Amino acid sequence: MQNELLQYTLRLGDNALILGQRLAEWCGHGPILEQDIALSNIALDQLGQARMLMQYAAELKGSESTEDKMAFFRDVTEYNNLLLLELENGDWGKTIARQFLFDTYNYFLYTELLNSKDDHIRAVAQKAIKEITYHAQWSAEWVIRLGDGTEESHERIQNAINDLWEWSGEMFTMDAIDEAMLKAGIGADLNKIKADWHEKVSMILDMATLEKPEADWFQSGGKQGEHTEYLGFLLAEMQHLPRMYPEASW
Amino acid sequence: MQNELLQYTLRLGDNALILGQRLAEWCGHGPILEQDIALSNIALDQLGQARMLMQYAAELKGSESTEDKMAFFRDVTEYNNLLLLELENGDWGKTIARQFLFDTYNYFLYTELLNSKDDHIRAVAQKAIKEITYHAQWSAEWVIRLGDGTEESHERIQNAINDLWEWSGEMFTMDAIDEAMLKAGIGADLNKIKADWHEKVSMILDMATLEKPEADWFQSGGKQGEHTEYLGFLLAEMQHLPRMYPEASW
Amino acid sequence: MTKEMNLEERFQQYVDAENKVEPKDWMPEKYRKTLIRQISQHAHSEVVGMLPEANWITRAPSLRRKVALLAKVQDEAGHGLYLYSAAETLAADRMDMVEDLLSGKAKYSSIFNYPTPTWADIGAIGWLVDGAAIANQVMLCRTSYGPYARAMVKICKEESFHQRQGYEITMTLAQGSPVQKQMAQDALNRWWWPSLMMFGPTDDASPNSAQSMKWKIKRKSNDELRQEFIDKTVPQAEFLGLTIPDKDLKWNEETGHYEHGEIDWEEFYNVIKGNGKCNKQRLIARNKAHDDGAWVREAANAYAEKEAERRKKKSSAA
Amino acid sequence: MTKEMNLEERFQQYVDAENKVEPKDWMPEKYRKTLIRQISQHAHSEVVGMLPEANWITRAPSLRRKVALLAKVQDEAGHGLYLYSAAETLAADRMDMVEDLLSGKAKYSSIFNYPTPTWADIGAIGWLVDGAAIANQVMLCRTSYGPYARAMVKICKEESFHQRQGYEITMTLAQGSPVQKQMAQDALNRWWWPSLMMFGPTDDASPNSAQSMKWKIKRKSNDELRQEFIDKTVPQAEFLGLTIPDKDLKWNEETGHYEHGEIDWEEFYNVIKGNGKCNKQRLIARNKAHDDGAWVREAANAYAEKEAERRKKKSSAA
């Protein structure tokens with residue numbers, strides 16, 4: 001059970017870490033100073049959650065692991081984040097579309113985790129739910145603003161939603177670890193969340209005058225360590241210093 | 001003297017390695033298949049020269065250093081390549097402009113090194129001079145082709161030459177190590193080369209109907225380990241695997 | 001019996017007698033069409049096939065490996081050129097072929113729609129993917145169309161060198177640290193089944209391969225070629241101490257062949273339909289290179305015309 | 001004696017009596033112009049100043065450092081906002097100010113035209129650059145213009161926190177491995193002189209600082225502020241076992257100050273003229289963010305107008 005809990009915790013932590021890293025790339029390069037600040041806020045929240053989850057994972061792993069050993073000394077095949085989150089940021093529309101698809105999911109997921117039987121995970125959920133609720137609101141507002149803004153913004157956000165759609169399915173895939181955690185009352189029921197998610201997403205897309213895409217296939221594998229070609233370059237950049245001087249403390 | 005020879009060798013080797021790495025980024029992404037192949041050829045020549053020079057540097061350094069220890073385990077401040085070569089590729093025009101400015105220099109430099117009193121450096125020069133001559137020809141032809149091609153290509157190559165001009169001066173800066181190597185009959189006289197270079201560059205730019213830029217200031221510092229912000233990202237990507245598993249052999 | 005049938009019959013006899021068909025010879029239109037489709041698809045595969053391996057040139061773990069990988073990917077670009085030229089001898093236009101690739105109309109080998117997330121994938125691609133490609137292509141060196149056969153002789157020689165390089169990378173990893181061996185095993189786990197799929201659907205599900213066999217464009221069936229590849233490759237894996245990810249794999253003493261598990265044809269058709277992890281990524285990269293290079297191609301053409309103009313003026317003035 | 005002069009005199013007495021000038025108060029046009037130039041330049045410096053530190057957010061060596069650095073750079077964006085708003089109270093238009101920055105017309109503090117090639121630069125920037133900025137800005141908290149003074153109080157509080165963070169990073173490196181200590185020393189070598197240049201030309205070469213002193217926009221001279229900074233910072237370096245890269249540096253018992261070597265004013269003016277390693281790179285990055293964001297700003301405005309429209313209709317219908 002211990003190993004499944006470790007994997008489950010790492011999945012939550014890797015989502016927060018990889019998304020936080022991608023959002024941090026925008027810092028200093030946003031379309032408007034106010035949104036540069038807003039996106040940095042969301043990145044800070046994600047990274048904050050990542051730290052708590054990585055600390056718990058390190059505890060579960062034992063052998064004097066630490067949050068930084070977790071984050072800076074695992075290779076691509078040992079990372080368990082959703083593929084959706086390692087994709088490149090693209091333009092502001094692509095970044096907003098990803099936030100919207102993921103934040104909406106994360107809101108329903110962490111609402112479930114408020115009742116997790118695992119104290120640590122429940123504590124993280126209680127700490128994070130306020131931030132995550134705000135993120136979902138913020139990104140939904142931006143999807144509506146872009147969808148119902150100009151012709152160009154409508155087209156860009158529609159293309160972004162279409163391009164990312166095949167990467168959204170993995171959020172709802174239950175594998176052995178998810179099942180075990182659900183049975184143990186620790187993890188969430190992704191099928192239940194899927195229904196809520198589709199309802200909320202449809203509503204917001206309507207308000208944004210956007211089409212909800214159809215997909216006959218969804219990409220997956222991130223939760224199981226099978227990644228796209230993007231994660232390796234992200235980790236090479238993120239891990240460089242500690243990999244260069246593994247004994248150093250920073 | 002040994003240390004100056006090591007530094008001088010590393011400068012030549014780092015130029016070839018960093019330029020080879022930048023050109024290799026084009027592989028699979030060139031404007032025309034034939035030029036994808038041509039640029040890969042030039043990258044292969046540069047990397048070949050880099051290997052010979054890194055092997056010699058490792059020999060000079062001793063303490064069981066190797067070409068790969070040299071290439072994969074030095075940090076930004078220990079690299080000695082010209083700043084011009086670590087800049088990002090930009091479009092095809094920027095890459096061609098850099099090749100032209102550097103290849104023309106490299107041709108005169110290696111012609112001098114044919115008479116180097118150091119056997120290894122002379123041997124490298126004898127092996128490389130044919131390749132380097134071809135590079136200089138190839139890039140000069142492309143500068144003319146773009147300069148005298150369409151209005152758009154003329155503008156792009158002119159902008160590229162203008163943008164890179166401030167980074168070309170470092171090629172001719174003689175510091176204590178260059179002076180020592182010149183005195184020892186090992187290194188080249190960069191002032192003599194500067195005159196030849198200006199003459200050749202002016203001729204080609206004329207044929208290409210391009211203006212020769214004026215610059216009141218030239219960037220420098222690469223030869224002394226003081227780099228731009230680009231080199232760090234290049235090394236993080238290039239060195240990732242060996243840094244991850246420093247004991248492994250590949 | 002129209003003259004057309006008569007010609008087609010004489011053509012069939014000509015081919016049956018193992019003669020080479022040359023560009024200026026008469027050939028049935030369907031023969032020409034089949035060849036253009038196959039050669040251009042092969043050319044597209046070489047060009048798109050550069051991308052998964054080029055993904056690791058800047059991160060190769062030693063200078064020797066960096067040079068070898070860059071040279072290999074450059075060879076593939078060269079193969080693409082040979083094949084586009086061979087197709088041009090059949091009056092196909094290179095720009096049209098490239099447009100078809102970029103628009104998604106033309107196909108390329110769907111093995112290149114799989115990602116290369118680790119360095120061990122570069123070993124696996126050389127060893128397994130080039131291995132399967134060679135098994136498929138060796139017979140093409142004796143294909144009836146001359147220019148294609150001659151191109152394939154050159155390509156096969158280079159491919160077998162690439163294949164040895166790939167196996168050598170995998171060997172180094174398999175005999176390296178536990179982490180390296182795990183990396184090699186993980187790559188084998190991801191590339192084994194897709195490599196078997198490279199031989200195409202089972203014989204009973206391969207409509208147009210019968211006609212190709214008749215025209216000696218194709219010499220052996222999909223299943224025959226696949227079996228040869230499995231029989232050759234399983235011992236190579238065992239030699240390295242790596243496990244083939246197929247629980248049904250069993251050596252059959254009587255048949256002298258390995259029995260193997262069922263291929264997941266749903267995944268096969270799914271990737272062909274465009275749902276692999278990298279289908280979109282590959283075409284986006286090729287389209288970007290093409291679009292970013294437009295001004296360069298235009299400049300080259302404009303300059304060439306001016307040069308021709310100048311030469312004409314000079315010669316008429318002389 | 002024109003009414004104008006009379007007003008100017010009364011304004012001078014008002015300021016001499018340490019009163020705050022508020023947006024709707026009368027002020028000499030030159031006072032308003034000087035303030036707009038200074039406040040917008042300060043805002044531009046905060047925004048461009050984000051880039052050299054943002055350069056390391058994705059490569060910060062621990063999660064704690066990554067969060068702290070991202071929060072710091074975000075603070076600087078916030079400072080930029082405060083200052084643009086303060087300038088707007090003087091009837092300056094934000095878009096015009098941003099256009100002037102992007103076109104190269106408006107200046108920003110040239111310290112940000114130096115590159116951050118290593119992680120130790122992040123420590124040096126916090127410790128030295130924020131240190132010099134604070135020394136320059138503390139007096140601005142008592143500047144005569146109300147909105148600017150109030151903005152500066154908030155900014156100075158955050159800057160001193162940033163400065164402690166920077167020193168703490170440098171300390172960790174200085175007390176770390178030999179390689180880390182060398183990295184810290186190397187960053188000190190590169191950032192020491194440029195930080196001294198942040199205080200501007202020597203007093204005898206500072207034309208318009210006299211008028212600013214009169215209007216209590218500026219309270220101490222460049223050399224005074226610089227000397228204070230040196231006296232405070234040298235002991236901090238010694239405490240870490242780091243060497244200040246100035247062979248003429250000497251403690252003078254009588255004066256109670258450190259004597260220091262001559263500043264290379266040629267480099268100072270050269271970077272201001274645009275010849276620093278990152279002048280072009282910084283403006284290219286800010287212009288790219290602005291251009292890539294144009295469609296987003298247009299969409300936000302368009303949507304806001306539609307919403308206003310809808311609200312008006314709803315309220316008129318109610």
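Model, not experiment: these values are computed from the prediction. Residue numbering restarts at 1 for every chain, and letters A, B, ... go by the order of the sequence lines.
Looking only at heavy-atom pairs under 4.5 Å with chain A, the residue among D:S62, D:A300, D:A289 that has the most is D:S62. Between chain A and the residues D:K306, D:Q175, D:K288, D:E298, the largest count of heavy-atom pairs under 4.5 Å involves D:K306. When each of D:V179, D:T118, D:V48 is checked for heavy-atom pairs under 4.5 Å with chain A, D:V179 comes out on top. Considering only heavy-atom pairs separated by less than 4.5 Å from chain A, the leading option among D:G293, D:A299, D:A60, D:A304 is D:A299. If you tally non-hydrogen atom pairs under 4.5 Å between each of D:I57, D:I169, D:T58 and chain A, the highest count goes to D:T58. Note: A:R51 leads A:M238, A:R51, A:E151, A:E152 in heavy-atom pairs under 4.5 Å with chain D.
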In sequence, state the C-alpha distance, the side-chain angles, and the governing distance for D:L63 and A:L17, and then conclude on side chain to side chain contact (heavy atoms under 4.5 Å, CB included).
-> CA-CA 9 Å; D:L63 295 184; A:L17 176 57; 3.7 Å; yes
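Counting heavy-atom neighbours within 6.0 Å of A:M207 CE, excluding the residue itself, gives a total of 12 or less. No more than 12 heavy atoms of other residues, nucleotides or ligands sit less than 6.0 Å from atom OH of A:Y107. Other residues, nucleotides and ligands contribute more than 12 heavy atoms inside 6.0 Å of the CZ atom of A:F73. For A:E211, the CD atom is loosely surrounded, since the number of other residues' heavy atoms within 6.0 Å does not exceed 12. Atom NZ of A:K127 has 12 or fewer neighbouring heavy atoms from other residues, nucleotides or ligands inside a 6.0 Å radius.
Only the side chain of A:W142 comes within less than 4.5 Å of a heavy atom in chain D; its backbone stays farther off. At a 4.5 Å heavy-atom cutoff, the contact between D:R94 and chain A is made by side-chain atoms alone. Neither the backbone nor the side chain of D:M171 comes within less than 4.5 Å of any heavy atom of chain A. With a 4.5 angstrom heavy-atom cutoff, A:A71 touches chain D only via side-chain atoms. Of the two parts of A:M244, neither the backbone nor the side chain holds a non-hydrogen atom closer than 4.5 Å to a non-hydrogen atom of chain D. A:R243 does not touch chain D: none of its heavy atoms, backbone or side chain, sits under 4.5 Å away. Only the side chain of A:D68 comes within contact range of chain D, with at least one heavy atom under 4.5 Å from a heavy atom of that chain.
To the nearest 0.5 Å, atoms CH2 (A:W250) and CZ (D:R64) are separated by 12.5 Å. With values rounded to the nearest 0.5 angstrom, A:Q239 atom CD is found 14.0 Å from D:R59 atom CZ. Atoms CZ and CG, on D:R65 and A:L241 in that order, are 12.0 Å from each other to the nearest 0.5 Å. D:K66 NZ to A:F72 CZ: the interatomic distance, rounded to the nearest 0.5 Å, is 5.5 Å. In this structure, D:N55 CG and A:C27 SG are separated by 11.5 Å, a value rounded to the nearest 0.5 Å. Between the CD atom in A:Q35 and the CZ atom in D:R297 there is a gap of 11.5 Å [rounded to 0.5 Å].
Near-neighbour residues of residues 68-91 of chain D relative to chain A, defined by a heavy atom under 4.5 Å from a heavy atom of that chain, comprise D:L70, D:A71, D:V73, D:Q74, D:A77, D:G78, D:G80, D:L81, D:Y84.
D:Q180 has its side chain out of reach of A:Y245: every pair of non-hydrogen atoms, C-beta onward, lies at least 4.5 Å apart.
Residues D:A285 and A:H29 approach most closely at CB-CE1, 4.3 Å, considering heavy atoms. Of all non-hydrogen atoms in D:A302 and A:T150, the two that sit nearest each other are CB-CG2, 3.8 Å.
Scored by the ring-ring contact (aromatic ring centres under 6.0 Å, His included) test, A:H120 finds A:Y56 as partners (sequence neighbours excluded).
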